[in-house]
Number of protein chains: 2
Amino acid sequence: MKPAIAQRSYPAAVDTTCRPPASARGHVGLQPVPRREEEPQGQRQRVGQHAHIFREGDRADRMYQLVDGAVMLYKLLPDGRRQVVELLSAGDVFGLSALPVYDCSAETLVACNVIAYDRTAVEQSPDLLRRLSAHVHAQLCALHEHAVLLGRKSALERVATFVMHCVPGRGGFNCAGPRCGGDSAVVRLGMTRQEIADYLGLTLETVSRAFSELRRRGIIAIDKQEEVRVHDVCRMCQLTGAH
Amino acid sequence: MKPAIAQRSYPAAVDTTCRPPASARGHVGLQPVPRREEEPQGQRQRVGQHAHIFREGDRADRMYQLVDGAVMLYKLLPDGRRQVVELLSAGDVFGLSALPVYDCSAETLVACNVIAYDRTAVEQSPDLLRRLSAHVHAQLCALHEHAVLLGRKSALERVATFVMHCVPGRGGFNCAGPRCGGDSAVVRLGMTRQEIADYLGLTLETVSRAFSELRRRGIIAIDKQEEVRVHDVCRMCQLTGAH
DNA sequence: CATTCGCATTGACGGAAGTCAATCCCATCG
DNA sequence: CGATGGGATTGACTTCCGTCAATGCGAATG
């Protein structure tokens with residue numbers, strides 16, 4: 001009956017609005033920080049690690065831009081399956097919604113600084129809107145790319161893509177640069193296997209096996225569990241399926 | 001070696017820019033239509049069925065809004081795997097890109113009317129930008145929802161979700177309305193099994209089997225291959241995984 | 001009417017990835 | 001230092017879905 005695709009499930013959402021359980025780690029971590037004049041109508045805030053900035057179903061009266069750190073946006077199915085729908089880094093915009101409520105939850109992966117804007121203020125400031133739009137368009141492209149990953153890539157390709165995505169110079173999937181030499185790189189993942197799995201549409205076991213397979217092939221070494229040394233960036237790049 | 005996930009593949013893209021083959025059905029179908037004054041800086045155009053409006057890798061100097069009809073946006077992997085990343089209907093915006101080239105291809109499913117805007121014109125018209133933003137935000141939510149489908153749903157759930165998405169009154173996944181009575185509905189899919197498969201991250205055989213399974217369970221009847229009669233909308237809704 | 005062509009359906013089979021469960025590896029802490 | 005616990009790894013088994021191939025079906029065409 002229940003699909004075998006269910007993966008490791010999260011505590012079931014309590015009601016039909018898909019609000020995640022309050023038992024999730026971390027809690028409100030928003031701390032107002034003295035207003036900075038560079039951000040005209042926004043309010044700069046500091047958020048602790050593993051804290052929720054908002055949850056699916058909350059009233060969407062504010063939107064955010066990430067100054068530094070990393071945030072993940074995720075959605076839950078009522079039976080507890082989770083999908084991380086976006087990974088955000090500095091500059092990215094989140095909390096936009098066409099509806100009066102947020103369509104997903106936002107949780108920090110590390111301590112972050114964000115700028116919070118009133119939703120109405122954004123709509124009334126053409127300048128602000130234009131600046132944010134550029135970021136939104138980039139995120140649309142990233143979502144398209146991620147749909148390809150989720151819909152068409154094998155587990156190994158997904159993990160390889162994810163690792164490449166974490167390589168500093170080559171972030172954002174544009175790893176087809178002219179000099180794709182066999183140089184190495186060290187990558188900090190900053191996410192647990194479970195979080196990676198929920199981002200890649202896999203289970204944590206499959207993610208772990210993929211890492212082991214990459215290690216077995218001599219493409220990576222796993223130094224400190226969260227730290228991956230990519231021996232041959234070029235070979236890794238070819239495993240992503242995009243080249 | 002080659003992942004078993006490769007599915008039925010399309011003619012391999014010719015170069016590293018992932019430009020789809022010119023052999024794809026349909027061709028340039030843009031026909032300028034007399035300027036209408038309701039659309040300040042846009043140019044209204046008619047596009048034939050199965051025509052490409054732009055292709056992945058083309059210079060992204062224009063963006064579009066769909067007036068009526070249906071368009072699909074897709075991306076190709078170099079080995080020919082295809083993923084339809086968005087299905088667009090009236091009002092939706094497409095052709096935005098953070099890069100100077102389009103990140104995906106746009107092909108009409110039926111004859112359409114579109115409004116084409118110069119990219120620069122949009123960026124300089126606050127009013128236009130604001131109006132389009134609302135649609136973009138809705139599309140972001142749709143992409144999030146689709147990521148959940150691709151990452152976490154079974155084949156049957158994917159197909160059920162797709163069919164529900166086509167039910168007129170309940171489009172856009174908001175099928176949890178108060179009166180979810182056992183009423184029936186007739187749905188025009190307007191896509192081949194292969195196109196549906198490429199949208200849902202499946203193969204056409206799996207899509208076909210899912211339809212057969214739904215028929216076997218008495219939930220739908222397939223009248224004219226493209227026309228599905230949903231006997232019990234409520235039961236169908238429960239199969240989507242979202243309820 | 002018979003042919004053809006594109007698409008859909010169905011079956012048999014295999015493999016990639018999910019499930020369940022045991023073990024391992026650190027980091028933290030009493 | 002040993003105990004504890006959260007995460008990661010690995011193995012055995014299962015299953016969903018992809019692959020390959022045969023057949024069906026309706027529309028268009030000669």
Side-chain angles (χ1 to χ4, degrees), chain A residues 1-9 23-26 49-50 79-83 109 149-160 189-198 200-216 220-228 239 241, chain B residues 1-9 23-26 49-50 79-83 109 149-159 189-198 200-216 220-228 241:
Chain A
M1 191 85 258
K2 190 172 168 190
I5 229 174
Q7 291 96 14
R8 206 68 75 257
S9 67
S23 65
R25 73 183 182 199
Q49 188 176 24
H50 300 315
D79 63 3
R81 282 175 282 178
R82 182 172 80 158
Q83 178 66 45
L109 291 169
L149 178 145
L150 292 173
R152 292 305 181 202
K153 290 191 181 181
S154 70
L156 198 67
E157 288 174 326
R158 294 184 201 200
V159 171
L189 301 180
M191 297 167 72
T192 67
R193 296 288 182 269
Q194 181 62 68
E195 287 164 344
I196 295 170
D198 285 341
L200 300 180
L202 300 168
T203 59
L204 72 92
E205 292 95 331
T206 300
V207 170
S208 180
R209 276 186 250 270
F211 275 117
S212 298
E213 175 64 24
L214 291 172
R215 187 159 38 74
R216 215 170 295 125
I220 65 171
I222 296 170
D223 297 345
K224 293 181 7 251
Q225 191 159 272
E226 275 223 341
E227 201 162 300
V228 172
L239 286 177
Chain B
M1 191 85 260
K2 190 173 168 189
I5 231 175
Q7 293 97 14
R8 207 68 75 256
S9 67
S23 66
R25 72 183 182 197
Q49 188 176 24
H50 300 315
D79 64 2
R81 283 175 283 178
R82 182 172 80 159
Q83 178 66 44
L109 290 168
L149 179 146
L150 293 173
R152 291 303 181 204
K153 290 191 181 181
S154 70
L156 198 68
E157 288 174 326
R158 294 184 202 200
V159 171
L189 300 180
M191 297 167 73
T192 66
R193 296 288 182 269
Q194 181 62 67
E195 287 163 344
I196 296 170
D198 285 341
L200 301 180
L202 301 169
T203 60
L204 72 93
E205 292 94 332
T206 300
V207 170
S208 182
R209 276 185 250 269
F211 275 118
S212 298
E213 175 64 23
L214 291 172
R215 187 160 38 73
R216 215 170 296 125
I220 65 170
I222 295 170
D223 297 346
K224 294 183 4 252
Q225 190 159 273
E226 276 224 339
E227 201 161 299
V228 173

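Chain naming here is simple, since letters A, B, ... match the order of the sequence lines and numbering starts at 1 in each. Atoms considered below: every heavy atom in the structure, side chains included; atoms not considered: hydrogens, waters and symmetry mates.
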Exercise. What are the two closest non-hydrogen atoms of A155(B) and A210(B), and how far apart are they?
Worked result: O-CB, 4.5 Å
Problem set entry | Euclidean distance, atom CZ of residue F211(B) to atom C1' of dC25(D) [Å, nearest integer] | 17 Å
Problem set entry | Atom-pair distance (CD1 on I222(B); C1' on dG24(D)), nearest Å | 14 Å
Exercise. Going 5' to 3' along nucleotides 22-28 of chain C, which nucleotides have protein heavy atoms under 4.0 Å from the base (write B), which only from the sugar-phosphate (write S), and which from neither (write -)?
Worked result: -------
Exercise. Who are the side chain to side chain donor-acceptor pair (under 3.5 Å) partners of S208(A), not counting sequence neighbours?
Worked result: none
Problem set entry | Length of the line joining R81(A):CZ and dA17(C):C1', which is rounded to integer Å | 15 Å
Exercise. Just how far, in rounded Å, is P of dA8(D) from CZ of R215(A)?
Worked result: 14 Å
Problem set entry | Minimum heavy-atom distance between L200(A) and L149(A), given as atom pair plus value | CD2-CD2, 4.0 Å
For this session: For E213(A), check side-chain contact (heavy atoms from CB on, under 4.5 Å) against everything at least two apart and list the hits.
Result: L156(A), R216(A), R217(A)
I'd like a list of close polar pairs between nucleotides 11-14 of chain D and the protein, N/O only, cut-off under 3.5 Å.
residue: dG11(D); atom: N7; partner: R209(A); partner atom: NH1; Å: 3.0
residue: dG11(D); atom: O6; partner: R209(A); partner atom: NH2; Å: 3.3

Problem set entry | Atom-pair distance (CZ on R193(B); C1' on dG6(C)), nearest Å | 13 Å
Exercise. Is E227(A) reaching over with its side chain to a backbone N or O of K224(A), donor-acceptor style, under 3.5 angstrom?
Worked result: no
For this session: Determine the minimum heavy-atom distance between R193(A) and L189(A), stating which atoms define it.
Result: NH1-CD1, 3.9 Å
Exercise. At their closest point, which heavy atom of L150(B) faces which heavy atom of R158(B), and how far apart are they?
Worked result: O-NH2, 3.2 Å
Problem set entry | Length of the line joining L204(A):CG and dT9(D):P, which is rounded to integer Å | 9 Å
Exercise. Is the shortest distance from a Lys or Arg side-chain nitrogen in R152(B) or D198(A) to a carboxylate oxygen in the other one below 4.0 Å?
Worked result: yes
Seminar exercise, completed: L200(A) CG to dA17(C) P, in whole Å, measures 12 Å
Seminar exercise, completed: Between T192(A) and E226(A), the two heavy atoms sitting closest are N-OE2, 4.5 Å
Exercise. Is the phosphate of dA16(C), meaning OP1 or OP2, less than 4.0 Å from a side-chain N or O of T206(A)?
Worked result: no
Problem set entry | Distance below 4.0 Å between T203(A) side-chain N/O and dG18(C) OP1 or OP2 | yes
Problem set entry | Value in whole Å for how far the C1' atom of dC7(C) lies from CE of M191(B) | 15 Å
